[in-house]
Amino acid sequence: MDFSLTEDQEMFRGQIRKMLDKFGGTQVAREMIADKPESLKKVYSTLAELGCSGINIPEEYDGLDLEALDLVPTFEELGRSLVPGLFMETNALVVPIIKKYGTDEQKKNYLTAIAAGDKQVSFAALEPFNDFSRQGIQCSLAKKDGQYVLNGTKILVPEAELADAFLLVVRTSEDVEDGLSLVLIDAVDELNIERQLSFDEAKHVAKIECNQLVITEEQIIGEVNKGWEQLQEGLLYFNAALSSYMVGAMEHVVHMAAEYAKIREQFGQPIGRFQAVKHSIVDMKVHLEIARSLSYYANWVVDTEENDREAAVYSARTYATEKFIEAASQNIQLHGGIGFTEELDCHLYVKRARYYDQYLGSTPFYQEKVVASLGW
Amino acid sequence: MDFSLTEDQEMFRGQIRKMLDKFGGTQVAREMIADKPESLKKVYSTLAELGCSGINIPEEYDGLDLEALDLVPTFEELGRSLVPGLFMETNALVVPIIKKYGTDEQKKNYLTAIAAGDKQVSFAALEPFNDFSRQGIQCSLAKKDGQYVLNGTKILVPEAELADAFLLVVRTSEDVEDGLSLVLIDAVDELNIERQLSFDEAKHVAKIECNQLVITEEQIIGEVNKGWEQLQEGLLYFNAALSSYMVGAMEHVVHMAAEYAKIREQFGQPIGRFQAVKHSIVDMKVHLEIARSLSYYANWVVDTEENDREAAVYSARTYATEKFIEAASQNIQLHGGIGFTEELDCHLYVKRARYYDQYLGSTPFYQEKVVASLGW
Amino acid sequence: MDFSFTKKEEKFRTELRTWLETNLPEGWLEGKRDLPEDLDEYSAYLRAWQRTLYDGGWAAIAWPKEYGGRDASLMEEIIYHQEMVRVKAPPLINYIGIHMVGPTLIDMGTEEQKEKYLKKILTGEEIWCQGYSEPSAGSDLTALKTRAVKDGDRWLINGQKVWTSFGHVADKCFLLTRTSTVPEKKHRGITVFLIDMDQPGVETLPIIQMDGHKDFNEVYLTDAVATDADIVGQVDSGWHVLIALMLHERTGIGAELFTLEKQFNDTVTLAQQYKVNGQPLIHNPLIRQKMAGFYARVRGSLLNYYRNLTTTVKNGQPGPESSIDKLVVSELNKELSSFAVEIQGHQGLLWDKDAAVDSKWQRLFLASFGQTIGGGTSEVQRNTIGERVLGLPKDMGR
Amino acid sequence: MDFSFTKKEEKFRTELRTWLETNLPEGWLEGKRDLPEDLDEYSAYLRAWQRTLYDGGWAAIAWPKEYGGRDASLMEEIIYHQEMVRVKAPPLINYIGIHMVGPTLIDMGTEEQKEKYLKKILTGEEIWCQGYSEPSAGSDLTALKTRAVKDGDRWLINGQKVWTSFGHVADKCFLLTRTSTVPEKKHRGITVFLIDMDQPGVETLPIIQMDGHKDFNEVYLTDAVATDADIVGQVDSGWHVLIALMLHERTGIGAELFTLEKQFNDTVTLAQQYKVNGQPLIHNPLIRQKMAGFYARVRGSLLNYYRNLTTTVKNGQPGPESSIDKLVVSELNKELSSFAVEIQGHQGLLWDKDAAVDSKWQRLFLASFGQTIGGGTSEVQRNTIGERVLGLPKDMGR
C-alpha cells in the first residue's frame, strides 16, 4: 500500500506553484475582478506549455495519456491561488465525456486542440429558477424539418468570454427520466452571451440565450436522450478535480490563519496562544487533511472500477465544499477587522467557497447520490 | 411589558428548592436506580402539601385555579434535581385534557383527587417499532357487542408502578387521519404491567399489554375518533412544562461545569482560564438563557389565544432538548475522567437528556409542527 | 408576566408612526429608499434627515428635556427602534453623537462642553466619530499607542486610528489617547479628547471592505491639536469615561435584534415565494426543518432580550446577562444570512442587478462577517460573559 | 498510489485468518462472545486466550524475533488489527505489556529486565498496568506527586494513581514517580519503576464508570517497595522513557479506526433493518443525508490514517500529522454512537435485554464519552496538533 503522490507528481506541483507565484498568486484572480483577463490567459498558455492540458488525453491526440491523479497537483495549485478559468471544465468534465462517448471526429477535433492548449470549453447547464437535476433542464433541442433547433436560457456559464466552445445539456424529450442530451457548440459567435454580475467577482459568469439556434447532428455527443447518464461520467471527474481545487484553496486558508495567529498580538500574547484561536485553526487543519485524503482517493478511484467509485468522489466533494466554506469564513474571524477588508485575500476565498458550494448540485443532491450508489 | 416571574413565583421556587435540597437533590433519582421509590413518594406528598398538585386545577375541584406559568418554578426545580415521577404527565398533560374535554363526572373524579395529591396518572402512548404519530398508534379499541375491548401493546410507559391511573391513546377506526381516541384506565390491576430496563435507570418505564381488556364508554375522554386532536392540547401544556424541567436541569449542569472549572487545576491554572473550557461553558450558558426565555414564554402563551401559541411551545421544546443534551454531554468532557465516573452526577443528566430527547416525538416531528402552525 | 404595552407607550408609538408617515423622505415608505452614492450628497441627504428628526423632536428621545430630548423611558426607546426598523428608516448619520457622545457629555462633560456641542449634535450640524481602535489595538484597546503630549498650553496628538466609522463625514472626534506610559495597568494613562476633524493634523482615509462598502476609516494624527478644555473627565482617567459611554449605549442591540427579526421574516417570505423547478422552497423538508430551527433561535434571542430589558427596568441598570445579546445576535445574523443565500441554490451566486430576487441577501451575508468582529469579537464577548456572568478566572493578559 | 497489499502481506493475512478460525474460543465466530462476569474467571479466560496467541506465535508480532516476536512490518501490524476487528477477537488482557512495556524494555531496558519480564509478558503470565494519572495530574502529567524516596538500598513509593486500566488484574506496574522536586521544569525529576502489584504497599480499588463498567482503578501506594534494578533508564529521566514508550504504541489508533469502520457498517445495517411504522429507517431522507455525512467522515478518517501510515513507512517514523488520528476517531465515534441510538427513536431508551435491537448501541454511546477524555482529552490533543503540526505558540503553563 502506498497512499501518497509520487515524487514526480510532487515535483510537478513545485513547478506549477513556482509559476503561479511568479504571477503573484491571487493577483491573477484580482485582475479578473478588474476585468483584465490577460494574466489568466498567460497562465493558461504556460500550463499548456508545461503539458498540463494534455495530461489526461490519449497519446494519439497528442496527450500524455496519464490519469486523473496526475492532474491533482495542478488543480490543488490553481485552487491555492484561486485561479479562475476553464481548466477544470475543459479537462475534468469535457475531456472524460468526449473520451468515453465522443465520435472519432469529435475526439480528433476537440482532444487534440485541448491537449495543445488551443481550446477551452465552458459548461452551460444551469437554468434560472431550476436546480441542477433532470427536471431542472428545460432548455430544448427539437428536431424540426431534419434540423436540430435549440431554444432556451442558460445562466451562470463560467468564463463564457474566454471559451472556445460550450458543452450544453439540453432537453430532447419530455420524458423526465430519459430526455436529455449533450451538445457541443463551437460557433460561439451565434450564441447570445451576456455577462452576469457574479457574487465572486473573480469568477466571470454569463447568460446564454439560444433563440432558434440551428445545430447539426454531429454536435450531439453520444446517444440522444442519454445525456444525463453520460454527464454523470464527466461529473465524477469534475467533482474529483473540484475537491482537489478546494483542498488547495483550503490549504492556503489554513496557512494564512496559522501564520497570522503567530504574529498578531493582543493582550500581550500572539493570538495563536489563545485556545479559541488555536483550536479553531486546528479544526480547520484537521478538516483540510481529511479533505485531502478524500480527494486523493477520489482522483485515484475515478480511474478504476471499484464499487465505491461514486460514493468516494461525491463524499470528497461534499466534505470539501462544506469544510472549505467553513474554514474560509473562520479565517476572516481569526484575522479580525483586517480580515474584513478588501485588501487582504480572506474574502476572495469565502467568495470562491460560496461559488462552488452549490455549483452543479447542492450537498443534499450529492449526498443522495452517495447513498444511492452504495445501494442503501 | 414585564417578562419575568413574579416575586411570589420566585419565592415559591425557593421553597421547593429548599425541600428538594433536604432530600439530597439527585439522591431521589439515585434511590430510584436502586429501586427504592420511598423518597420519590415523599417528595410527591410534600409537593401536594405545598399545593403544587392543585396549581392548575379549578377551585371547584379544590385547586388553586392558577396558570401554567405558576407551575414553572416547580418544574424547573424538579428538573434541577432530576426528580422522576408523574408530576408532568399528571398535571401538564392529563389535567389540561380533562379540563377541556372531560365530562363533569371525569372532572370530579380526577381533578379533585389530583389536586389533593391522591392520584398520579401515567401516559401510555408509545408502541414498539412505531413512532409517535397518528400512524404509529395501532393499539386498538373496538366496540363489540356493546362493549369496548382493548388490545395491544404500549411501551416505555413512565413510572407505571407508581401510577394510580393511565391515559391511553388508542385506535378506534382505520381512518389514518381521524381514528384515535383517548381512554382513562383506573383499574390498574387488570393491566399487565411489566417493567422494562431503561437507559435512564432513574426513570422507570414499563410495557403494558392489553389482551381483550373490557372498558366502559365513560372511560373515553371527549369525542371518539378525535383523540389525536384532543391530545394536541395536552401536548402543548406538557411540552411547555418539559421545557421548564429541562431548563432547570440545564441550569444545574452549567453550574456544575462552571464551579468545577474554577477549582480544578491543570498546567498550573484553573481550567476555567483556558478558552476551550471557558468558551464552551459560556456557550452552554447562552443556550440555557435562551432556552429559559423560550420556556417562560411558552408557559405564558399556552394559556392565551396568541397566534404563535403552538410555534412558541414547540420551539421551546426542540431548543431545550437539543441544548440540554449538548450541555449535559459537554459537562462530562469538561470534568475529564472524574466526569466519566458513576460517582459524579454528570452522567445522570446525560441519561435524562437522552430520555427526553425523543420522548413523545422527535425534533423533526415538532419542527414540522412549528412550520405548519405558522402556515408556512 | 405581561407582554402588553401601556396606553402611554401605545400613544407614543402612534405619535411616532404618524410623524414618520408624514416626514419620511418622499417615496420612502413605498420603497424608494436609495441613498445618494456621492459622498457629499450622501452626507447632505442624511444631515437633512437628521435635521427633520430634530425639528420633529425625534432626534434624541432618551436625552433629558433640558438638553432637547424627551426623557424617554427605556420602553419608549425600544418602541422607537421597532418603528424605525419597521419603516427601514434612513440611517442616523450622527448615531455616535446622539447615542454615545451626547449622553456622555451630559453625564460628565463640563458646562462649556455641553453648551458648545449638544445642540449641534442634535441638529446634525456637527457629526461625530469615535477614535478607538488602532492597528495593534483591536480587541485589546488598552494596547493603544496614540500619544497626546502637553506642549505649552496645548496638547499635540500623534498616532493612527483605524475602523473609525463615519470618520469621512465627521466634524468632531471622541478620541482615546495615551497620556501616560508609566502605570503598571495599561488601562490607566488614557485620556479622552474632543478634537476637530477639520484641522491640518488629521487625515482620513477610507477602508475598502470585503463587501465593497467604505463605512470605516483610517485616521492619521500628526501633531493634531487639542486643549485642556477638550478633555472629557480627567487626564489619565479615560477608561472610566469609556465605560460610562458604553453604558449609555443601552438600546443599540435592541435595534439589531429587531432588524434580525425583520430579516428572518423576509427570509420566510423568500422561501415561500422563491421557486425551484416550479416548487416553492418552503415545500422542501430540509428547508422547513432549518427554518423551524431559525424561528426558535430568533424568537429565543428576542425574548431573552426582553427578559434582560425587564431586569434593566426593574433594577435601573442592565444585569451582566445582557452581555449575551450581542454575541447571540451577531452569530445568528451570520448564519441566517448565509442560509438565505444558500437556499437560492446556484442563483445565489448572482449579484446586484442580476440577483435572482434581491441582492440584499448577498450583501447581508458579506456584511455579517463584520458583525462578529466589530464592537468586540465573539471571542472577546465570550471571555466577558465567562468572567462577568459565570465568574470564571480571567484570561491571559487581562 | 497503490491500495493493494503485496503477496507477502496477503499471505500473512491468510495465515492469520486461518489460524484464528481454528483457535478462537469455541463458538466465537458464530457469535457466542460472552466473557465471564466474575473477575477471576474473566482474567483466567483472557490469560488463556493470550497463551493461545503466544503458542501460535501471534502474541506480539511486532517484537523482534529474538524476543519471541515476528519482526512484523507496519503493514502486517495493520493487517493484524484488521483481522482481529473482523472476528471481534477477545480483548488482549496484556495489551499494555505487549504494546507498550515490552517494546520499551527491548529498547531501553537492562539485560536483566529483558530476561526477567519479556517472556512472561508474551505468555500472559504477568499482566501489566501503567501507573500514570493521578487525581490532580490528568491532562497535565507533569503535575504528578507520587514520590519515590531512596531508603537504604531500596526505594519507598507513596502516592495515589488513578485511571489505571487492568490495575485489578495486573501483576506488575509501569509506574511514573517523582524523584526530584527541585528542577524548574516539572517534567524533569520523574523516574519510571517496574513494581510488583502484589505487595503490602499496593492497594487497588475499582472505579465504577457511568456505563457501569469497572475498567479502571485507583491504586494507593503506601511505602510500596522497589529497587534500583527496577528503574527503567536513569533516575529523573522518566520523561524520556515515557516519550519512547508512546512512540512504540504505533498502531493502536489503527485498531480503533477499524473498529469505527465496523461500527459504521453496522449502523448502516441497523438503518436498513430497523423499521418504524413498517418503513426501514434508511428510507427517511433526513437519515439518508446524515448517513452520507458519516460515510464521508469515516472514509476520510481511514484514508487519512492510511496516508499517515504511508509517511511512517517511507520515513521510518510517523509525521506530526498522525496526531490528528486520535482526535478524529474519538470525536467521530462519539457522534456516530449517539446517532445510532437517536435513530432508534423512543425505543433507543430501552436497555439491555429490553433493547429494541441490541443494547450495544446504547453501551457504545455511553462508552464514547470516555474516548474523548482518556489518553489525552480532545482539548489537549488540539493543543498538541496546534503546536506540533502548525507551530502555534505554546499554551499557558506548557
Side-chain angles (χ1 to χ4, degrees), chain A residues 1-6 9 67 69 254-255 257-259 261-262 269-275 277-287 289-297 299-301 304 306 308 311-312 314-320 322 363-364 366-372 374 376, chain D residues 1-6 9 74-75 78 268-269 271-272 280 282-283 285 287-293 295-311 313-314 321 323-325 327-328 331-332 378-379 381-387 389-396 398:
Chain A
M1 174 181 307
D2 177 359
F3 186 26
S4 63
L5 297 185
T6 63
Q9 286 161 342
E67 314 222 296
L69 205 53
V254 177
H255 176 77
E259 294 313 305
K262 290 175 197 173
Q269 317 284 337
I271 60 171
R273 253 195 117 195
F274 294 102
Q275 288 187 343
V277 173
K278 178 186 284 183
H279 290 193
S280 159
I281 305 176
V282 166
D283 286 341
M284 286 159 63
K285 172 69 175 172
V286 168
H287 299 154
E289 292 307 323
I290 290 179
R292 194 197 304 276
S293 296
L294 284 166
S295 77
Y296 280 8
Y297 184 76
N299 281 285
W300 175 80
V301 82
T304 72
E306 299 286 330
D308 62 346
Y314 298 133
S315 291
R317 176 201 156 116
T318 53
Y319 190 87
E322 188 186 327
T363 292
Y366 282 109
Q367 285 179 325
E368 180 52 38
K369 275 176 165 294
V370 168
V371 173
L374 292 167
W376 292 351
Chain D
M1 209 164 281
D2 178 9
F3 284 92
S4 60
F5 291 94
T6 63
E9 286 160 357
L74 197 51
M75 282 316 299
I78 296 306
V268 174
T269 309
Q272 286 171 326
I282 197 77
H283 291 184
I287 288 179
R288 286 174 88 75
Q289 201 192 5
K290 285 193 182 165
M291 299 286 286
Y295 178 81
R297 293 170 66 194
V298 171
R299 287 293 297 162
S301 309
L302 264 169
L303 290 167
N304 203 56
Y305 175 67
Y306 288 132
R307 197 154 60 84
N308 287 332
L309 211 60
T310 301
T311 310
V313 170
K314 287 194 174 164
E321 277 84 3
S323 57
I324 287 175
D325 297 325
L327 176 67
V328 166
E331 292 291 340
L332 190 45
S378 290
E379 289 75 15
Q381 301 293 332
R382 287 198 176 89
N383 275 349
T384 306
I385 297 168
E387 292 160 23
V389 180
L390 295 166
L392 293 170
K394 282 208 187 270
D395 211 324
M396 287 186 288
R398 280 159 64 103

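Chain letters run A, B, ... following the sequence lines, proteins first and then strands; every chain starts at 1.
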Sort out for me which of [options] touches chain A most, counting heavy-atom pairs under 4.5 Å.
options	result
D/Thr311, D/Ile282, D/Leu390	D/Leu390
D/Thr6, D/Asp2, D/Leu327	D/Asp2
D/His283, D/Arg288, D/Glu379	D/Arg288
D/Thr310, D/Ile78, D/Val268	D/Thr310

- Message: Using the rule given for side-chain hydrogen bond (donor to acceptor under 3.5 Å, both in side chains), can you reason through A/Ser315 versus D/Arg299, listing the C-alpha separation, both sets of side-chain angles and the distance that settles it, and then say yes or no?
- Response: CA-CA 9 Å; A/Ser315 291; D/Arg299 287 293 297 162; over 6 Å; no
Which atoms form the tightest heavy-atom contact between [X] and [Y], and what is the distance?
X	Y	value
D/Asn304	A/Ser293	OD1-OG, 2.6 Å
D/Leu392	A/Gly272	CB-O, 4.2 Å
A/Lys285	D/Val389	CE-CG1, 3.5 Å
D/Ala292	A/Val371	CB-CG2, 3.7 Å
A/Pro364	D/Gln289	CG-NE2, 3.7 Å

- Task: Answer with side chain, backbone, both or neither: which region of D/Gln381 has an atom nearer than 4.5 Å to a non-hydrogen atom of chain A?
- Result: neither
Top residue by heavy-atom pair count (under 4.5 Å) with chain D, among [options]?
options	answer
A/Tyr319, A/Tyr296, A/Tyr314	A/Tyr296
A/Thr304, A/Asp283, A/Val370	A/Asp283
A/Ile290, A/Asp2, A/Thr363	A/Asp2
A/Ala291, A/Ser4, A/Ala258	A/Ser4

- Query: In Å and rounded to the nearest 0.5 Å, what is the CZ to CE distance from D/Arg307 to A/Met1?
  - Reply: 13.5 Å
- Query: Hey, is the main chain of A/Gln275 close enough, under 3.5 Å, to the side chain of D/Arg382 for a donor-acceptor pair?
  - Reply: no
- Message: Any side-chain to backbone donor/acceptor pair from A/Lys278 onto D/Pro393? Under 3.5 Å, distance only.
- Response: yes
Non-hydrogen atoms of chain D under 4.5 Å away: do they reach the side chain of [X], the backbone, both or neither?
X	result
A/Ala311	both
A/Gln269	neither
A/Ile271	neither
A/Ile281	both
A/Val277	neither

- Message: For A/Lys262, I'd like to know if atom NZ has over 12 heavy atoms of other residues, nucleotides or ligands within 6.0 Å.
- Response: yes
- Item | Mutual orientation of the aromatic rings belonging to D/Phe3 and A/Trp300 [parallel < 30°, tilted 30-60°, perpendicular > 60°] | tilted
- Task: Report the relative orientation of the aromatic rings in A/Trp376 and D/Tyr295; use parallel for angles under 30°, tilted for 30 to 60°, perpendicular for over 60°.
- Result: perpendicular
- Partner of A/Glu289 under side chain to side chain contact (heavy atoms under 4.5 Å, CB included), picked from D/Leu303, D/Asn308, D/Ile324, D/Val328, is D/Ile324
